[in-house]
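Working notes, structure below.
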Number of protein chains: 4
Amino acid sequence: MSSSSARSSTGALRNPQTHQAILESTIEILKESGYCGVSIESVARRAGASKPTIYRWWPNKAALIAEVYESESDRVRQMPDLGSLQEDLSFLLHNLWGAWRETICGEAFRSVIAEAQLDPIMLAQLKDEFMARRRDMPRRLLQNAANRGELAEHVNPELLLDLIFGFCWYRLLTEQLTAVQDIDVFIDMLLLGVTARHA
Amino acid sequence: MSSSSARSSTGALRNPQTHQAILESTIEILKESGYCGVSIESVARRAGASKPTIYRWWPNKAALIAEVYESESDRVRQMPDLGSLQEDLSFLLHNLWGAWRETICGEAFRSVIAEAQLDPIMLAQLKDEFMARRRDMPRRLLQNAANRGELAEHVNPELLLDLIFGFCWYRLLTEQLTAVQDIDVFIDMLLLGVTARHA
Amino acid sequence: MSSSSARSSTGALRNPQTHQAILESTIEILKESGYCGVSIESVARRAGASKPTIYRWWPNKAALIAEVYESESDRVRQMPDLGSLQEDLSFLLHNLWGAWRETICGEAFRSVIAEAQLDPIMLAQLKDEFMARRRDMPRRLLQNAANRGELAEHVNPELLLDLIFGFCWYRLLTEQLTAVQDIDVFIDMLLLGVTARHA
Amino acid sequence: MSSSSARSSTGALRNPQTHQAILESTIEILKESGYCGVSIESVARRAGASKPTIYRWWPNKAALIAEVYESESDRVRQMPDLGSLQEDLSFLLHNLWGAWRETICGEAFRSVIAEAQLDPIMLAQLKDEFMARRRDMPRRLLQNAANRGELAEHVNPELLLDLIFGFCWYRLLTEQLTAVQDIDVFIDMLLLGVTARHA
DNA sequence: ATATAAACGAGACGGTACGTCGGGTCTTTTT
DNA sequence: AAAAAGACCCGACGTACCGTCTCGTTTATAT
C-alpha cells in the first residue's frame, strides 16, 4: 500500500497502471453489483490482470476493498474546528454520511465489516488498524471539547466514540444514511441526555 | 393441490427429527468453526440430511441461522419493569450481552448481519422482520419511561433505539462484549448527556 | 466405467449424455491438438460439463484418457487363430498398428505412457491394470503356439511379450507406425533369430 | 550448449558456475522428486539462478534434462568388442541398464521420452539428434557381427536396433530394470529365434 | 580510462490450469 | 406427498508454473 523509499533489491518495479486498474475495477464492480459481485476473479477479469498479480499485492478481498476505502476517503479526513462539540460533531457526521452515501466508501466499509465477521484475523485488522486510525481524529475532537470544559465528568471518551461509531455503523449497515436530519437530533440527545430535567 | 382438503395420500410427513438435527448441526458448527464454517453443505453433512431437504424449508443460509437465533433467544425476550429507565436499560443490556456471549446467539446474529450486507433481500428481512420484532420490547420500555415523565422533550424514541442498538451492534461486531461495566457508563452518558452543566 | 446391476441407494442416476460428451470431447481435443491440448479445463469447456463432474468420475487425466482408449479399442481385442504363430503375430500387430494409426487410440496410449512417467501411482495402474489386461490375449496366442510345439525350449513367454510390446511401444512413441512392412521383417527376425546358421 | 570459439562482441562471459549450478540442481531435484518435481521455477530457485538465465541457454525443460543425460552418461559410451555379438550385446545392455538404474540417467531419459510425447518438435529432436547419436555405437557393433558373418541374411540392422531399444525402453518406462538376468534370456531369444527347430 | 555490451539476479506480469469447495437445482428412489 | 440421496452446472477459491519482460548491477572486452 505504501511504497518504501529505498529499494531493497533489484527487479522490475510494480506496474502502477495495473495497480490502478485493479482498484478501479473493484470500485466499478462495487458500484454495479455491490459487494457480492466482487470476487478476485471478477476483479482480475475486468482489470485485465491475472489473479496471481492481485494475490501478490493483497492477501485477500478485504484488504483490497480496504485499500479502495483508503483511496476514496480523503474527504472524511479533514478535522473540523468550529468552536463547539455540537458543531464539530455535526460537521463530522454530515461529512461522513455524505461520503458513505455519495462515494463507494459506504459500500466498501460495509464489505469490510461483513468480511471481518468471517475471519478473526480480519476482525483484528479492522479493530487494530482500520478503526484505530479512524478513531484518532474524532478522539482529538473530543479532547478539544474537554479542553474547553465542555465534557461532563462522567464521560468516558472511548466509550463515547463507540457510541458515535455504533450509531453510524447501525445506520450504514441498515442502509439508513439518507435521513440526515437525524444527525442533529442524535447529537442533541447525546449532548443533553435523554432524561427530562424538571427545573 | 388438486386433491381435496383431507389428506388422502400415503406420503411421509415432515420429519421433525430431521428438522431438529439440522438446527442442532448448525449450532454445533457455529460453535466449533464460527460463521465461516457454516455452509448448507456442511450442515447437511453433519445432520445426515440432503441439501434439497434444507432448501425446502429454509430459503437460504441466513434464514437458517435466523431460526437458530429465534430458537435460542428466549432469555432475551423478558421485559424488565424495575421502575426507572436506568434500571430497565441496565437489565436489558446486561441480559442481551450475556445471551450474546454465553449462547450461540451472538455468533448467529453477527452472521445474520454479515449475510444481510451481501443481499438486499436479506437486508430487508433483517430490518422489516427480524429487527422490527426485536425493537418492540425496548420501545415499550421507552414508552413506560415516557409515561413516567422520564424522557426529555427533544427525545426521538426511534432514534434513541437506533442509538442503543447501534452501541450494542458495534460491540458485538468488534467482539467487545466482555467489558460489561461499560454498559452502565454508557447508560449514564445516555441519560445525562455528555455536556458539562455548570450549575 | 462399468455399471453395477443393482443400485446401492437412492439418488439421481449418472447422466449418460454428460458421460458421453466428456469422452467425446476428450477424443476431439486429442485429435485436434494432441495430448498437450487435453486439460480437465479444456475437456470441461468443450463438453459443457463442469470440472467437479469430471473429477467425480475420473481421478485424473490419465484415467480419463485410459477410458477413451478402452472405448475405442474394440478392434484390437479380437484374437486371431490362423494356425501358426507367424500368421497370428502378423495379424495381431497389423491390427494393433492400424488401430493406433487410424483411431485416436495411438495418441491416447502415448498419453497414458507419458503420464505414467510423472506419477508412480499411474505407472502402477498402467502395469497392473492396463497392461496386465492387454497382455492376456497375446499370452494365449503364445500358449497356443507352445501347444502346437512351435516354441523353442529356451523361450520365456513373459519376456517374449515384453519384446513384442517393446518394439510396438518404441515405434508408437517415435511415431513410426506407418512402415507396416517392418512388421513381418520383425516377426521373421523374432521367429528365426538373427544369427546365421551355416548348414 | 556448446560455446563458439570466437566471441562476436563485447560483454560479460557466461558464468560457468551458474551453468553448473543449474545442471546440478536439476539432477538433485530429479533424484529427490523425480521428473514431476522438475520445473524451471524449482530449478532456478534451487540453483539461485533466475528464470531468464535458464531460458537464455536452454529452450525448454527437455533440453535441460537432455543435457543432464549427456553430462552423466559417459559410462554408456564405451563400445565393447568381445569377439561375439552375444557377448557384445550382453555387455552393452548390462552396462546401459546399470547406468539407468544407478545414475540419474534413467530418470532423465524417461523424462525426455515423456516430454517428447507432448511436443512434436521435441519428438523430432529425440529421434533425429538424441537417438540418432545413440544408435551409432550399437550399429557398429552389429556391423562388426555382420563382418564376422554372424548375422542371418534376413536381418534388417535398423529394425534390429529398434527391437533392442524397444525392449530396453519398455523395461525403463515400466521400471523393470532390476531383473538383469532377463538380459541374457532376451539375447538368447533374439539370436536363436523363438521357433523350435526339430532336427 | 571509458564506453559498450552481454550476463545475470531479481522479480513483476498476463496467462493457463490445477484440484477443491460451496451454491442452488434437478432427477430418481424410498417411505 | 415428503424425504433422502446424489448428480449436475456454475462460479470462485488460492496456488503453481509458464514464458516474457523490465530493472539495476557486474564483468569483460573494445575503443
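Protein chains get the first letters and strands the later ones, always in sequence-line order, with residue 1 at the start of each. In this text, all values refer to a predicted model and were calculated from it rather than measured experimentally.
- For N15(C), the side chain to side chain donor-acceptor pair (under 3.5 Å) partners two or more places apart in sequence, or in a different chain, are T18(C).
- Separating the CH2 atom of W57(C) from the C1' atom of dG19(E) is a distance of 18 Å, rounded to the nearest angstrom.
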Contact letters for nucleotides 17-22 of chain F, in which S counts primed atoms plus P, OP1 and OP2 and B counts the base, heavy atoms under 4.0 Å
SBBBBB
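- A salt bridge between E32(D) and R46(D) is present, with a side-chain N of the basic residue lying under 4.0 Å from a carboxylate O of the acidic one.
- Residues N15(D) and G48(A) each lie close to DNA chain E; by heavy-atom proximity, the contact nearer the 5' end of the strand is made by N15(D).
- Within 4.0 Å of A44(A), counting heavy atoms only, lies no atom of the nucleic acid at all.
- Distances from the side chain of T18(D) to the nucleotides dG9(E), dA4(F), dA12(E) place dG9(E) closest.
- Among dA4(F), dC8(F), dC8(E), the nucleotide with an atom closest to any side-chain atom of T53(D) is dC8(E).
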Evaluate the criterion salt bridge (charged side-chain N to carboxylate O under 4.0 Å, His left out) for residue pair K127(D) and E175(C); output intermediate values, then yes/no.
CA-CA 9 Å; K127(D) 284 162 64 180; E175(C) 274 186 341; 5.4 Å; no
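- In this entry the distance linking CD1 of I54(A) with C1' of dT15(F) reads 14 Å, nearest Å.
- One interatomic measurement links the two molecules: CH2 of W58(B) to C1' of dG23(E), which rounds to 17 Å at whole-angstrom precision.
- Using bins of under 30°, 30° to 60° and over 60° for the plane-to-plane angle, the ring pair F130(D)/Y69(D) lands in the perpendicular bin.
- Atom CG of L118(C) and atom C1' of dC18(E) are 14 Å apart (whole Å).
- Contact annotation: S50(D) side-chain N/O to dG9(E) OP1/OP2 distance is under 4.0 Å.
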Start with the C-alpha gap between V38(D) and E107(D), add the side-chain angles, then the distance that decides, and say whether side chain to side chain contact (heavy atoms under 4.5 Å, CB included) holds.
CA-CA 11 Å; V38(D) 177; E107(D) 195 66 26; over 6 Å; no
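- At whole-Å resolution of the value, CZ in R56(A) and C1' in dG14(F) are 14 Å apart.
- What separates CZ of R14(A) from P of dG24(F) is a distance of 17 Å, to the nearest Å.
- In summary, the side chains of E67(A) and H19(A) do present a donor paired with an acceptor at a separation below 3.5 Å, with no hydrogens or angles considered.
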Dump the intermediate steps for side chain to side chain contact (heavy atoms under 4.5 Å, CB included) on M122(B) and L118(B), then the final yes or no.
CA-CA 8 Å; M122(B) 293 183 200; L118(B) 297 175; over 6 Å; no
